[in-house]
Amino acid sequence: MSLELQGLGVSRGIAIGKAHILFHNQLDVREYLVAKDDVEQEVSRLELATAQAKAQLKSILDNIPANAPADVSSFIDTHMLMLQDSSLTKIPVEMIRNRRCNAEWALQLQRDALINVFDEMDDPYLRTRRNDVDHVVNRIHRLLADEGHTDIAIDGRLKGAIIIAEDLTPADTMLMQHQGVAAFVTEHGGATSHTTILARSLGIPAIVGVGSLRRYIQDNEPLIVDGETGTLIAGADSSTFQEYQQRLIRFKQHIASLSRYKSQPSQTRDGKKIFLHANADSPEDITTISNSGAQGIGLYRTEFLYMNRTSPPEEEEQVAAYRKVAEGMDSQYVTIRTFDLGADKTVDGGRNLNQTVTNPALGLRAIRLCLKQPNMFRTQLRAILRASAFGKIKIMFPMISNTQELLQAQHLLQRCKFELDKEGLEYDRHIETGAMIEIPASAICAEMFAKQVDFLSIGTNDLIQYTLAIDRIDDHVNYLYDPLHPAVLRLIQITLEAGKKHNIPVSMCGEMAGDPRYTRLLLAMGLENFSMHPNALLEIKQIINETNLGQLPKNALQILNMSDPFDAELLLEQINSPTH
Ligand code: PEP
Ligand code: MG
């Protein structure tokens, strides 16, 4: 009898293979006091384990192929940095010396303190980075417990396997990619977890958040993974296997056929030009972006520059980073979003977390924090302006909720320009500014903002979160996430109309823009500027290039008034049907 388990499909593709179960034994962290005379020996034990952990990661980093996506090494780099950070090197040692805790206990106490800090964070991406702490601490714990071999053995056994795990570390993921695994399925994780991001970058099908995997799946049993629908099938009959074999072949053909779109312009069959941009997080993304055929960067998330460090980046460091992106993109625009850090991630890049915030997503984040920390904001604005002398840059302000915020931001920008003038430093005098529409109130009043800026950009990830009152990273309410909800669609429409009326471009840079299910609907609504993960770009271009706007169903926009989600799905299918 077959068994179907449902999770969140986070990286598309079909995989058929045998299960390889990869659950680490639960580590028993021993807690005891060490004798006074043994304290220094205990400190050495911890230091040795930390050094071994570093050596293990270094060896993995050294073996990353040159053509691997930048995400892969950056995650492992992050772990290396954590292993060198005083929060893991000094504080547990002090605990051993001052409190005479054993090494495992000291490390565990510090792990709990760091996890608390991450749990308080507002930004969903950064909150999921609590996993980094766990992965790094776990590695040291295993070494302390003398489970020396903490990584996956490279012995070729994993070729074509479907990995079934509780969660995966970046190092695991990397080693498995080397061995040609077919898919990942994990119990934990969400849309922004490590496994998700890496699996997408590596193009490996993945499902996360499948509860009780361990209970249902046995080692070596044949499985089918559908990374799009999030379905894991065990014990399938031969006709199901055949059906998925066919789908796998079609999927591979489809991916292979996309490369021809790289050099094609993106425009609908009836000649409407559509602009396709990429989202980026670091200068290292440029190679992937150039290979995707993107026409520029529609969202450059700068908060990653502020992560994993004890103080925010200085102006010079920021100028260098932004300049590298601008120069790397050559004659194409890079839209730099000012830092979208959260309530707790202030001047020290996320460590000075004394306040407790009840609703961090509704708290002091993004532009609110920028304006509350004018010096830090000024440093960034000056850096962006200075980098604009070396390439084409636009500035975008996140999470704008009223016109005052926008005016204040623009006022600060103006001041920075005066300063640079006085100092004789070059910048683009006509640099464009834009506002992100991520809050329902701002979408409803998009016209107010349209009068003040050169462009608008719809951040659907937050817009959907705030419209439907669902925390982006809360697994319990994930099922309510619905880009087709009429409220979401109407807010998008209002924003598009505001742009049209005031003659400014409106872009969309949330996940919805890179989801092929919504491309035709968004085209029908009048969206002309998309920005997305570079891996999604060619597929979206293919849909655009195969669409004849004039032939889309006349009733397509009725979806904005559909009270029944089932009817909305049916109409979407009709819009997406190949005959249109
Ligand atoms: C969004 O909210 O849709 C967006 C693009 O910004 P981020 O995901 O960085 O919050
Ligand atoms: Mg956002």
Side-chain angles (χ1 to χ4, degrees), residues 10 71 121-129 190-193 196-197 200 276-282 285 289 294 296-307 334-343 345 350 359-370 380 394-401 405 434-443 446 449 455-474 478 481-483 485 488-489 491-492 495-496 506-515 518 522 527 529-537 540:
V10 291
D71 288 347
M121 288 185 176
D122 168 24
D123 184 288
Y125 178 86
L126 293 181
R127 249 156 87 186
T128 57
R129 292 296 81 98
T192 50
S193 66
T196 301
I197 295 168
R200 262 195 225 135
L276 294 183
H277 298 110
N279 294 349
D281 302 329
S282 77
D285 291 335
I289 290 174
I297 295 181
L299 165 65
Y300 184 79
R301 291 182 167 103
T302 55
E303 45 281 6
F304 297 93
L305 252 182
Y306 295 74
M307 283 167 55
V334 178
T335 309
I336 299 187
R337 174 175 78 181
T338 59
F339 59 82
D340 186 358
L341 294 167
K345 295 168 267 64
N359 286 311
L362 305 179
L364 196 58
R365 59 169 285 207
I367 192 69
R368 303 165 182 191
L369 184 65
C370 293
Q380 182 173 43
K394 299 182 189 188
I395 301 181
M396 179 157 83
F397 302 115
M399 224 186 137
I400 293 287
S401 69
E405 285 172 338
M436 282 192 78
I437 300 294
E438 307 188 86
I439 299 177
S442 312
F449 304 108
F455 64 93
L456 295 174
S457 186
I458 308 174
T460 49
N461 306 339
D462 278 315
L463 185 63
I464 295 172
Q465 150 168 270
Y466 295 125
T467 306
L468 304 180
I470 42 169
D471 191 330
R472 275 166 75 164
I473 63 156
D474 186 340
N478 260 349
Y481 177 89
D482 181 14
H485 191 294
V488 172
L489 294 178
L491 292 170
I492 294 171
T495 312
L496 290 171
V506 177
S507 156
M508 178 181 284
C509 60
E511 289 299 304
M512 191 177 176
D515 190 328
Y518 307 120
L522 292 170
L527 185 70
N529 295 278
F530 294 67
S531 190
M532 65 198 75
H533 189 288
N535 283 358
L537 207 129
I540 301 294

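Remember, it's 1-based here, ligands and their atoms both numbered in the order they're listed. Keep in mind it's a predicted model, so treat the numbers as computed, not measured.
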Going by the atom numbers of ligand 1, which of them fall below 4.0 Å from some non-hydrogen atom of [X]?
X: T460; answer: 3 (O)
X: L299; answer: 5 (C)
X: C509; answer: 5 (C)
X: G459; answer: 1 (C), 2 (O), 3 (O)

- Answer with side chain, backbone, both or neither: which part of E438 has a heavy atom less than 4.0 angstrom from an atom of ligand 1?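 The side chain, only.
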
- Between E303 and ligand 1, is there a nitrogen or oxygen pair with a distance under 3.5 Å?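 For ligand 1, there is no N or O atom that lies under 3.5 Å from one belonging to E303.
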
- Query: About how large, to 10 degrees, is the angle OD2 of D462, then the Mg ion (ligand 2), then OE1 of E438?
  - Reply: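 The angle at the Mg ion (ligand 2) comes to 100°, rounded to the nearest 10°.
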
Is there a donor-acceptor pair under 3.5 Å between the side chain of [X] and the backbone N or O of [Y]?
X: E303; Y: D340; value: yes
X: S457; Y: M508; value: no
X: R365; Y: P360; value: no
X: R301; Y: N279; value: no

- Task: Locate the shortest heavy-atom distance separating M399 from A361; write the atom from each residue and the value.
- Result: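 Residues M399 and A361, closest heavy atoms: CE-O, 4.1 Å.
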
- Task: Please report the closest heavy-atom contact between I437 and S442, naming both atoms and the distance.
- Result: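 Shortest heavy-atom contact: CD1-O, 3.9 Å.
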
- Hey, does R337 sit under 4.0 Å from ligand 1 if you only count heavy atoms?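 Heavy atoms of R337 do come under 4.0 Å of ligand 1.
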
